[in-house]
There are 2 protein chains.
Amino acid sequence: MVEQINQLDSVFGSLSDPTRRDILKRVSKKSMSVGQIASHYQLSFAAVAKHLKVLERAKLITKSRSGNEQIVSIAPSTLAEASNYLGNYKQLWEDRLDSLDNYLRKINKHKTRSH
Amino acid sequence: MVEQINQLDSVFGSLSDPTRRDILKRVSKKSMSVGQIASHYQLSFAAVAKHLKVLERAKLITKSRSGNEQIVSIAPSTLAEASNYLGNYKQLWEDRLDSLDNYLRKINKHKTRSH
DNA sequence: ATACTATTCAACCATATGGTTGAACAGATA
DNA sequence: TATCTGTTCAACCATATGGTTGAATAGTAT
């Protein structure tokens, strides 16, 4: 298909899978090899490796070779962007909810006044 | 497939598509009918309706009938959860970065001291 | 009832995704 | 060199996703 226009596509795409979220959680606590990660899941080694590819493409993790093993580490900055993205929305909603709240309060005050 | 285990799956899945993010952005500013939303995209009406279904399943939007039209509104609470989810990670990473930062500072101090 | 507008549903298609197994490759070690 | 461990790659399969068009439905208005 077309080129990767938006980083958010792949970041949120990565996060939409529970296995990948779990991997991310695991790796965020401690860097570990591909094999170590795979050992925690019932999936085939290759399946886990694919999940790691997805996370890597989204720049949520990085790999670095240490002898025989490939060490997987989290790449903090990328998810911060996603978090910020959502944070903005959160703000927006909170504002809207505040507006609603004010509106309701005004109505209420009005009702109370016109007793 | 199996039942929807995790709300986050569908929320992040929804967010992984740029059209859906755009719809969400649009709707977060102002509730509007399905037709109004569709008019902003080159896609077929049905395609946009499908995107709305996805957003609805993820509980990111709600619809309410107003006469002939179906009015689409944002459902703030769900995305707040996703935001919080990422927020936790952000915290985790910031902590890790802080640790790294302290570590580097310590090294640096050590270097400076042993001049 | 008829027709018009807004929306949904169904069938279909192409490509993406998530999984498998088995072969190939990289690095360490006998 | 041979071999063992760790990882990647390739081929394949089933299902999901994102798009299309056309028919069906809901509500409004004539």
Side-chain angles (χ1 to χ4, degrees), chain A residues 1-24 26-27 30-73, chain B residues 1-24 26-27 30-73:
Chain A
M1 202 182 267
V2 292
E3 9 150 9
Q4 173 81 355
I5 302 263
N6 201 324
Q7 173 95 32
L8 287 175
D9 289 18
S10 57
V11 171
F12 285 130
S14 292
L15 293 171
S16 71
D17 184 282
T19 302
R20 286 194 293 261
R21 284 199 303 276
D22 198 69
I23 290 174
L24 216 47
R26 215 174 275 285
V27 171
K30 185 167 170 302
S31 295
M32 53 208 297
S33 76
V34 175
Q36 276 181 293
I37 294 170
S39 73
H40 290 99
Y41 305 94
Q42 308 227 239
L43 301 175
S44 67
F45 193 98
V48 175
K50 271 197 187 180
H51 281 304
L52 291 176
K53 266 264 168 291
V54 172
L55 290 167
E56 204 176 6
R57 246 187 16 212
K59 303 215 173 90
L60 288 167
I61 61 168
T62 59
K63 289 186 204 157
S64 59
R65 190 166 276 288
S66 164
N68 217 1
E69 299 174 326
Q70 207 67 260
I71 303 296
V72 176
S73 309
Chain B
M1 203 184 268
V2 290
E3 10 148 11
Q4 173 82 351
I5 301 263
N6 200 323
Q7 174 96 30
L8 287 176
D9 289 18
S10 57
V11 171
F12 285 130
S14 292
L15 292 171
S16 71
D17 183 283
T19 301
R20 286 193 294 261
R21 284 199 304 276
D22 198 69
I23 290 175
L24 215 47
R26 216 174 275 285
V27 171
K30 184 166 171 302
S31 295
M32 52 207 297
S33 76
V34 175
Q36 277 180 292
I37 294 169
S39 73
H40 289 98
Y41 305 94
Q42 308 225 240
L43 300 176
S44 67
F45 193 98
V48 174
K50 270 197 188 181
H51 281 303
L52 291 175
K53 265 263 167 295
V54 172
L55 289 166
E56 203 177 8
R57 245 186 19 212
K59 304 215 174 88
L60 287 168
I61 61 168
T62 60
K63 289 187 205 157
S64 60
R65 189 168 277 287
S66 164
N68 217 1
E69 300 174 326
Q70 207 68 261
I71 302 297
V72 176
S73 310

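Proteins come first, then strands; the chains are lettered A, B, ... in the order of their sequence lines, and each starts at number 1.
In this structure, A/Met32 and A/Val72 have side chains that are not in contact, with every pair of non-hydrogen atoms separated by 4.5 Å or more. B/Arg20 has its side chain within reach of B/Val54: a pair of non-hydrogen atoms, C-beta onward, lies under 4.5 Å apart.
For D/dT8, the OP1/OP2 oxygens have a side-chain nitrogen or oxygen of A/Lys63 closer than 4.0 Å. Distances shorter than 4.0 Å separate some side-chain N or O of A/Ser44 from OP1 or OP2 on C/dT20. For D/dT7, the OP1/OP2 oxygens have no side-chain nitrogen or oxygen of A/Arg65 closer than 4.0 Å. Side-chain N/O atoms of A/His51 include one lying less than 4.0 angstrom from OP1 or OP2 on C/dG19.
As a whole-Å value, the separation of A/Arg57 CZ from C/dG18 C1' is 12 Å. Atom NZ of B/Lys50 and atom P of C/dA14 are 14 Å apart (whole Å). Taking atom CD of A/Glu56 as the reference point, atom C1' of D/dC9 lies 14 Å away to the nearest angstrom. Computed from coordinates, the A/Gln70 CD to C/dC25 P distance equals 17 Å when rounded to whole Å. With rounding to whole Å, A/Asp17 atom CG is found 18 Å from C/dA16 atom P. Put simply, CG on B/Asp9 is 15 Å from C1' on D/dT17, counting in whole angstrom units.
Closest approach of A/Ser73 and A/Ser31 over heavy atoms only: OG-OG, 3.0 Å. Nearest heavy-atom pair across B/Ala58 and B/Gln7 is O-NE2, 2.8 Å. Residues A/Tyr41 and A/Asp22 approach most closely at OH-OD2, 2.6 Å, considering heavy atoms.
In this structure, B/Gln36 and A/Gln42 both approach DNA chain C, and ranking their closest nucleotides by distance from the 5' end singles out B/Gln36. Both A/Thr19 and B/Val34 lie close to DNA chain C; mapped to their nearest nucleotides by heavy-atom distance, the more 5′-ward contact belongs to B/Val34. The residue among B/Ser66 and A/Gly35 whose nearest nucleotide of DNA chain D is located toward the 5' end is A/Gly35.
Counting non-hydrogen atoms under 4.0 angstrom, B/Ser33 reaches the backbone sugars and phosphates but no base.
Each of C/dT7, D/dT8, D/dG27 was ranked by its minimum atom distance to the side chain of B/Asn68; first place goes to D/dG27. Here C/dT20 is the nucleotide among C/dT20, D/dG22, D/dT8 with the atom lying nearest to any side-chain atom of A/Leu43. Comparing C/dT8, C/dT20, D/dC9 by their nearest atom to the side chain of B/Phe45 picks out C/dT8.
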